[in-house]
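We name chains A, B, ... by the order of the sequence lines, and we start the count at 1 in each one. Everything quoted here is computed from the prediction, not taken from an experiment.
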There are 2 protein chains.
Amino acid sequence: MLNDIIFYVLDKTIKRYRQYAQGQIDRAGISITVDQWLVLSVIQESPELGQTEIAERVFKDQASVARIIDLLVKKELLVQSTSRQDRRRVDRSITPQGHALLQDVAPIIARNRSTALQGLSEPAIEQLRQTLETIYANCQTTTEG
Amino acid sequence: MLNDIIFYVLDKTIKRYRQYAQGQIDRAGISITVDQWLVLSVIQESPELGQTEIAERVFKDQASVARIIDLLVKKELLVQSTSRQDRRRVDRSITPQGHALLQDVAPIIARNRSTALQGLSEPAIEQLRQTLETIYANCQTTTEG
DNA sequence: ACCAAACCTATGATATATCATTTAAATAAA
DNA sequence: TTTATTTAAATGATATATCATAGGTTTGGT
């Protein structure tokens, strides 16, 4: 059975958590995806980062981040302008609406996380983290061909 | 830091494993995605399942499964025909190429899994499974509005 | 037989993932 | 300075995720 394969359990768990988290945001009547929120909050914390650096932080692709940022701009949560110092780069700043949204979403995310971890002790979570990090390290993708 | 949040560790781990697994298939010169392979192998095991049932097994959406099946048909790994008994349904059968591909991919997948789990004891994996199942259960999405 | 409900697949719309490439700009090298 | 390399962002192509819905088909109720 697929459930015997730990990677399917991993897969189904993360999918379920995402659905749950998105559902809680939707239910609050806030129009943003978890991925958009994540990118927006990274920009809030570190507005100086470029797309590639944002992508690294959130484990996404540069192209994905570019498109998510597009949507954030369209939603007027973020404004962009070409950097004066380096015209390849883009200066970003979060709009008042963007800040307001981040504030509205923050408690929902916090609640989601604690709900998802109910019944798990600190050591259990630490154990989870370490096991995942081991798997992560095992799947090192070699740089050479 | 994002790494302090267990859900990001979860996310990055599953993404890394997927990349690794896909890379190993690509490197073997086999032209199929992990998702396509997964759907194909479920059909091999249980050819009588409908799209919705396949979707449940692989934690995907019915629509996603429909499109993956489309691609499998285009790749001539699978053939479909309307069922005589119930004309809403579709009979599926894996082509010889499909069977051959499944055979080629099987050892790669097996190798990927054991590589990813290197250094983890059976109890550690069992612990991982149980922790994930707890999170999964905690994120029960209520059926009512 | 008739209508309503349930069912299965297909598809449109949008968001995200990934790879590869393009464009423009900055920087290093010659 | 001119050229080559590197870097940042944008974009095309394809695959997958998700929601909603459309089109047929079967089934259940009357």
A/A66 has its side chain closest, among D/dT18, D/dT11, D/dT16, to D/dT11
Hey, which sits more toward the 5' end of DNA chain D by its nearest nucleotide, A/R18 or A/L49? A/L49
With respect to the side chain of B/T52, which nucleotide from D/dT26, D/dT7, C/dT9 is positioned closest? C/dT9
Any donor-acceptor pair under 3.5 Å linking the side chain of A/S83 with the backbone of A/D91? no
Just wondering, are more than 12 heavy atoms of other shown residues or ligands nearer than 6.0 Å to CD in B/Q103? no
A/E56 CD to C/dT18 P: how many Å, rounded? 14 Å
Please report the distance, rounded to the nearest Å, between CG in A/D70 and P in D/dG12. 11 Å
How would you label the contact of B/Q62 with the nucleic acid (heavy atoms, under 4.0 Å): base, sugar-phosphate, or nothing? base
Are any of A/K15's side-chain N or O atoms less than 4.0 Å away from OP1 or OP2 of D/dA17? yes
Return yes if some donor-acceptor pair links the side-chain N/O of A/Q22 with the main-chain N/O of A/V34 below 3.5 Å, else return no. yes
Any A/S64 side-chain N or O less than 4.0 Å from OP1/OP2 of C/dT16: no
Checking the side chain of B/E53 only, and the main-chain atoms of B/G50 only, is there a donor and an acceptor separated by less than 3.5 Å? yes
Could you state the CG-P distance from A/D35 to C/dT14, rounded to the nearest angstrom? 18 Å
Counting N and O atoms only, with roles assigned by atom type, does the side chain of B/S64 sit under 3.5 Å from a partner on the main chain of B/K60, one being a donor and the other an acceptor? no
Would you tell me whether A/Q36 and A/K75 have side-chain atoms, one donor and one acceptor, within less than 3.5 Å of each other? yes
What nucleotide, of C/dA15, D/dC19, C/dA17, holds the atom closest to the side chain of A/Q19? D/dC19
Candidate nucleotides D/dT16, C/dT16, D/dC19, ranked by approach to the side chain of A/I68 - the nearest: C/dT16
Salt bridge or not between A/K15 and A/D11? Use side-chain N to carboxylate O under 4.0 Å. yes
Side-chain atoms of B/R89 come closest, of C/dC8, D/dA9, C/dC19, to C/dC8
Checking contacts here: which listed nucleotide (D/dA9, C/dA13, C/dT16) is nearest the side-chain heavy atoms of A/Q51? D/dA9
Do the rings of B/Y17 and A/F7 sit parallel, tilted or perpendicular, given the 30° and 60° boundaries? parallel
Would you kindly give the CZ-to-C1' distance between A/R67 and C/dT14, to the nearest whole Å? 13 Å
Once you round it to whole Å, what is the distance between C1' of D/dA9 and CD of A/Q80? 10 Å
To the side chain of B/A63, which of D/dT16, C/dA17, D/dC19 is closest? D/dC19
If you fit an axis to the five pairs at each end of the helix from C/dA1-D/dT30 to C/dA30-D/dT1, how big is the angle between those two axes, to 10 degrees? 10°
Compare the minimum distances between each of C/dT18, D/dT16, C/dT16 and the side chain of B/Q36, then state the nucleotide with the smallest one. D/dT16
Between D/dA9, C/dC7, D/dT16, which one does the side chain of A/R92 approach most closely? D/dA9
Among C/dA26, D/dC19, C/dC19, the one nearest any side-chain atom of B/D61 is D/dC19
What is the separation between atom CD1 on B/I54 and atom C1' on C/dA10, rounded to the nearest whole Å? 15 Å
What is the distance, rounded to the nearest whole Å, between atom CZ of B/F59 and atom C1' of D/dT18? 17 Å
May I ask you to say whether B/K12 pairs ionically with A/E56, meaning some side-chain N is under 4.0 Å from a carboxylate O? no
Separation of atom CD in B/Q85 from atom P in D/dT27, rounded to whole Å: 11 Å
Heavy atoms under 4.0 Å, any strand shown: does A/T33 hit a base, just sugar-phosphate, or nothing? sugar-phosphate
By the 4.0 Å heavy-atom rule, please label A/D86 as base, sugar-phosphate, or nothing. sugar-phosphate
Has the side chain of B/R87 got a donor or acceptor that lies under 3.5 Å from a partner of the other kind on the base of D/dT25? no
Residue mapping more 5' on DNA chain C - nearest nucleotide basis, B/I69 or A/V65: B/I69
